Structures are given as structure tokens and as C-alpha cells.
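In what follows, a structure is listed as C-alpha cells, so that the remarks can point back to it.
Values in this document were obtained by computation on a predicted structure and should not be read as measured data. Atoms within each ligand, like the ligands themselves, are counted from 1 in listed order.
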Amino acid sequence: MSGAKLLNDCFLHDSERLRHDDAVALITSRLACVTGVEAVPLLAATGRWLAAPIAAPRNVPLHRNAAVDGYAFAAPAPKAPLPVTARIAAGATAPDRLAPGTAARIFTGAPLPEGADSVAMQEDCVIGDGDVTLPQGLKPGANVRQAGEDVTEGAKVLSAGARLRPQDIAALASFGLGTVPVHAPLRVAILSNGDELRAPGATLAPGQVYDSNRAMLAALAATLPCAITDLGILPDDAPQIEAAIATAAQSHDLILTSGGVSRGEEDHIVAAIDRLGTRHLWQIAVKPGRPMSFGQIGDCVFLGLPGNPVAAFVCFLLYVRPAITALGGGPGAEPLRYRVPAGFSQTKKPGRREFWRGWLEDTPNGPVAMKFPRDGSGLISGLRQATGLIEVLEDETAVTMGTPVRFLPFDQFGIPG
Ligand code: AMP
Ligand code: MG
């Protein structure tokens, strides 16, 4: 699956205006995993995409063992005291077979001896001098962890492409695996272009703006397994831009830019891509967003986002994230949409899908979705107030108070709530 060649001109399509679903389907169907595979120590594997399916190489737990501190015995427990003939601590190997009519002192995690099938909790026992009186009524197998009760040897536990979570790392460690095969991070270069842009930290002259998109896009890319190169701000200078992009394309899987896409061939980045490879301007029927550039320079994918910060942010989540996932070896899963009653009313033009900045508020009747009241796609404050996106479909023309809306929480994109 990895190291696949991309289709030449993978973003070519024949529709004037793309619906959101079609744009996502084109991205996920045309892009293949291009990253290699590396064996990574478990402690460095969280968040990476698994490169091969994993089956349990052994039972977990490997041995039948005690779930509590107490006394091991063969059920049913007799009423009379049993002599305590052994002491089995955690880590003990191959304890002797328990003789009939005796009990063994045993500790949590210690292997159960042959001849025993149950453990009585020490708190429930009457401990004598060299003997123990067991509680009555314990079921056979009480307080015993059976071999393989967590995972059975051979069970398919993780699929290729799974994003490794802390609990998956725990499972891999419990199998005894020290390293795990994962996809190499996707090599992503990020740049901004425009003579008006200044890097944060520099002094701003009249007419200039700080470049906020580059840091934002790098932060968004960092929620995925990416190796990010910051190419900085490129001035509106065709030879410089072409040289920078040609060089970056040699050593990156993806070049991500923002701004300038709506001006088409007047834009230097767009003109540079056209000279170096192939490029398509997609008019996607969504708000915010719409014009995005999709291109290819050899095996390097080019994605040009709108310049407005809100549009760049939303388009990253909707289109760049699935593209990075497909190129990097992840699964092609759609984000979850939760149905939540609207806590507001709002009309909308038909024909395009809109993504509003929103959050959830608790009410006595349960949570409702709220919408950031202002629409401007330059308003970073709306993104900051939001904990998710409210999705309103193409044919919907209004959201009314109390009716369900689709809410896409940001935390599923790796953005803390
Ligand atoms: P454009 O898509 O180039 O027409 O840009 C649309 C708006 O986004 C303009 O107000 C630009 O100044 C702004 N913009 C473009 N690039 C950036 C950037 N890197 N950071 C912040 N704002 C930007
Ligand atoms: Mg510009």
C-alpha cells in the first residue's frame, strides 16, 4: 500500500462546480499512500498510522493468574479450615501443583497453581495459624483471570491504517512488541505568499499584515503524522517562487499554501505550479472556502487554500486533512456529525453547503448548538470561540431554533475542545 505512484494529473475532473461530497470523494479516491514504512519504538508511536495489521502473537494474559490478594483453592470451598501449603507471589514461575484439600497464599498477578481454580479475597477469609477458613458461596473461577481473557492468540487486533491511540500502545506492549511498523511522517512544506505579509515578530509597516495562516496551518498539520518544513513567506516574485517550489517538490510529498488562489493566472504561485506541473482550480460549492487549487509537481501534491484565515482553517479540516490521511497511510473515515438541536435561527442561500463556527451550550433540556453570530471569513475570533463546525446542507435554506443541526466537534480533528 505504501510508496504507490499517484495518478498523473490526479486532480483532473470534468465538473464546473463541485459539491462537497464529490470533492472529498475525488481527493480520497485519487490520492494513494506515498509514505514508506518504518519500525518505531512504542514510546514514539502514538498518533502514527499503522503500516500493517497486527494480530495477537500470544494470549493476554499468558497465564491464568490471581485477580486479588488472597488464597487459591479448588472450588467448592469446604467449611473446615484448609492448610496453607504454598506461597505464590507475582512473578513466581511454575508453582507446584496444589494438593487436594489445601490452599495457597497468592498475590495479585501471581500464576494460579494446577489443582486450583478459584481465589478467595484475603479480606473474606479467616486466617489461622498455618490454615485458612474460606468464605462460602464463591463461584468456581472467582477472582481468577483466565489465560487469553483479554485477547486470544491470533485475534486480529488492529488494521493497517489505524491511528495508534494510547490504549492501542498498551495493547501492543501487552503483546510484548517493542517496535511497531508505522508509516513514515508525510513530508509537508508550508509557505505563504504575498508582498503584504510579514512574519509575526517583525515590525509592521502601513499596508502590511501579519502572516497568521502559516503558523495556523503548521499547527493543524501537526495534529497529523507530518514532518513539517516551514518555507516562510515568499515575495510576489515569479523566479523566486518557482525556484522555491521546484526545490520543495523534490523532497516533499505535499506543498500547502494559502492565499492568491482566486486570482488564477495572475497569481505567482499558481503560475509557478502551471509551469512546473499540473494545476486545477476547483470551485467547491461550500462556504467558507470555494476556490481551492489542486495540483501536482511530479510526485508532490500541491494544495492551495483560500487566504482568509477562516476559509483556510475550514478547508484544511474538510479537504487537506483527508488528503494528508490518504497520502500518509491513514483510513478514509468521514468526520462524525452529531445531531444537536439548534439554539438559534438562521437563514441560508440554497445550492452550497455551509460550515458555521459553533459550540455546544448546556440547557435544562440538554445541549444545544450555538452559532458565532458574525460571518466574516477573516474573523479568527469566531474560530477561537468555536469548538466545532455546524454543517448546513446544500438544499437547506434555514435553521430554526430547536430543530437538529449537524455538529462536527473539533476534538475529532485533534484540536482540543
Ligand atoms: P487572497 O486569497 O490572496 O485574495 O487573500 C484573501 C485575504 O486573506 C486577504 O485579506 C489577505 O490579506 C488574507 N491573507 C492571505 N494570506 C494570508 C496569510 N498568510 N495570513 C493572513 N492573512 C492572509
Ligand atoms: Mg497575495
Proximal ligand 1 atoms for [X], defined as those under 4.0 Å from one of its heavy atoms:
{"X": "E196", "value": "12 (O)"}
{"X": "L197", "value": "17 (C), 18 (C), 19 (N)"}
{"X": "N308", "value": "6 (C), 7 (C), 8 (O)"}
{"X": "S212", "value": "20 (N), 21 (C)"}
{"X": "Y210", "value": "20 (N), 21 (C)"}
{"X": "D211", "value": "18 (C), 19 (N), 20 (N)"}

If we count only N and O atoms by modelled type, under 3.5 Å, do the side chains of [X] and [Y] hold a donor and an acceptor together?
{"X": "D9", "Y": "H280", "answer": "yes"}
{"X": "N213", "Y": "S192", "answer": "no"}
{"X": "H252", "Y": "T229", "answer": "yes"}

Query raised in the report: Which word best sums up how the rings of F11 and F294 line up, parallel for under 30°, tilted for 30 to 60°, or perpendicular for over 60°?
Result: tilted
Report summary line: When E354, E334, E396 are each screened for salt bridge (Lys or Arg N to Asp or Glu O under 4.0 Å) with R406, the one that passes is E396
Query raised in the report: Just wondering, more than 12 heavy atoms not from R105 lying within 6.0 Å of its CZ?
Result: yes
Report task. Compute the shortest N/O to N/O distance between G307 and ligand 1 and return yes if it is under 3.5 Å, no if not. Result -> yes
Query raised in the report: Is it the side chain (CB and beyond), the backbone, both or neither of S192 that lies under 4.0 Å from ligand 1, heavy atoms counted?
Result: side chain
